[in-house]
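Atoms considered below: every heavy atom in the structure, side chains included; atoms not considered: hydrogens, waters and symmetry mates.
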Amino acid sequence: MFERRRFNRYQIHDNGLHVFDHHSNLTGKIRNVGRQGLGFDYTPTLGRVSEPNLIDIIGTLRHRFYILGIHCRKIFEITVLSEDRYFRGVSTRCCGLQFVNPTPEQRAQLEFMFQCLEN
């Protein structure tokens with residue numbers, strides 16, 4: 001499959017990374033993450049619009065970590081199929097975010113997260 005992204009991403013298969021959106025209190029499971037951004041799945045809530053612009057990343061794997069207050073912008077948002085490839089009554093959405101000017105501390109925390117994902 002042709003990869004259109006300019007930067008590599010780590011695929012997250014065990015759902016050990018989560019995202020929290022400050023604006024809408026939305027939480028989701030990160031499906032992939034890279035140095036420039038991430039993609040996550042979530043279940044939309046009626047009446048809430050997903051416009052993440054300030055997020056936290058929470059790691060619940062062997063190495064627990066929190067990366068707080070990352071500014072970002074939404075690149076895309078699409079409806080995705082459930083695991084068994086059928087739409088069910090509850091829709092799932094995939095949202096792609098680009099990090100916007102992470103602080104040096106946030107960059108260091110992201111690098112720590114990538115090291116955890118490689119081990």
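Shortest non-hydrogen contact noted between Gly28 and Tyr42 is CA-CB, 4.1 Å. The two atoms that bring Leu17 and Gly59 nearest to each other are CD2-CA, 3.6 Å, heavy atoms only. Taking all atoms of both residues into account, the shortest heavy-atom contact from Arg9 to Gly39 is NH1-N, 3.3 Å.
Under the salt bridge (charged side-chain N to carboxylate O under 4.0 Å, His left out) criterion, no residue pair touches residues 94-105, with sequence neighbours excluded.
Scored by the side-chain hydrogen bond (donor to acceptor under 3.5 Å, both in side chains) test, Asp41 finds Arg31 as partners (sequence neighbours excluded). Evaluation of the side-chain hydrogen bond (donor to acceptor under 3.5 Å, both in side chains) rule for Gln115 yields no partner, not counting sequence neighbours. Asp56 meets the salt bridge (Lys or Arg N to Asp or Glu O under 4.0 Å) test with no other residue; sequence neighbours excluded. For the ring pair (Phe, Tyr, Trp, His ring centres under 6.0 Å) test, residues two or more places apart in sequence or in another chain that qualify with Phe20 are His22.
A heavy-atom distance below 4.5 Å is found between the side chains of Leu97 and Phe40. Between Val100 and Asn53, the closest side-chain pair of non-hydrogen atoms is not below 4.5 Å. Taking the side chain as every heavy atom from C-beta outward, Ile57 and Leu38 approach each other to under 4.5 Å.
A side-chain donor-acceptor contact under 3.5 Å links Gln106 to the backbone of Leu68.
To the nearest 0.5 Å, atoms CZ (Arg93) and OG1 (Thr79) are separated by 3.5 Å. With rounding to the nearest 0.5 Å, the separation of CD1 in Ile55 from NE2 in His18 is 13.5 Å. Here Asp21 contributes atom CG and Cys95 contributes atom SG; the two are 8.5 Å apart, rounded to the nearest 0.5 Å. With rounding to the nearest 0.5 Å, the separation of CD in Gln11 from CG in Leu117 is 11.0 Å. Atom-to-atom distance recorded for Gln36:CD and Phe99:CZ is 8.5 Å, nearest 0.5 angstrom.
Clustering ILVMFWY residues whenever any of their side-chain heavy atoms sit less than 4.5 angstrom apart, transitively, puts Val19 in a cluster other than the one holding Tyr66. Note on Phe65: it clusters hydrophobically with Ile70, by side-chain heavy-atom contacts below 4.5 Å among ILVMFWY residues.
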If you look only at distance, which donor and acceptor atoms sit under 3.5 Å apart when one is on a side chain in residues 107-114 and the other is two or more places apart or in another chain?
unit_1 : atom_1 : unit_2 : atom_2 : d
Glu111 : OE1    : Arg35  : NH2    : 3.0
Glu111 : OE2    : Arg35  : NE     : 2.9

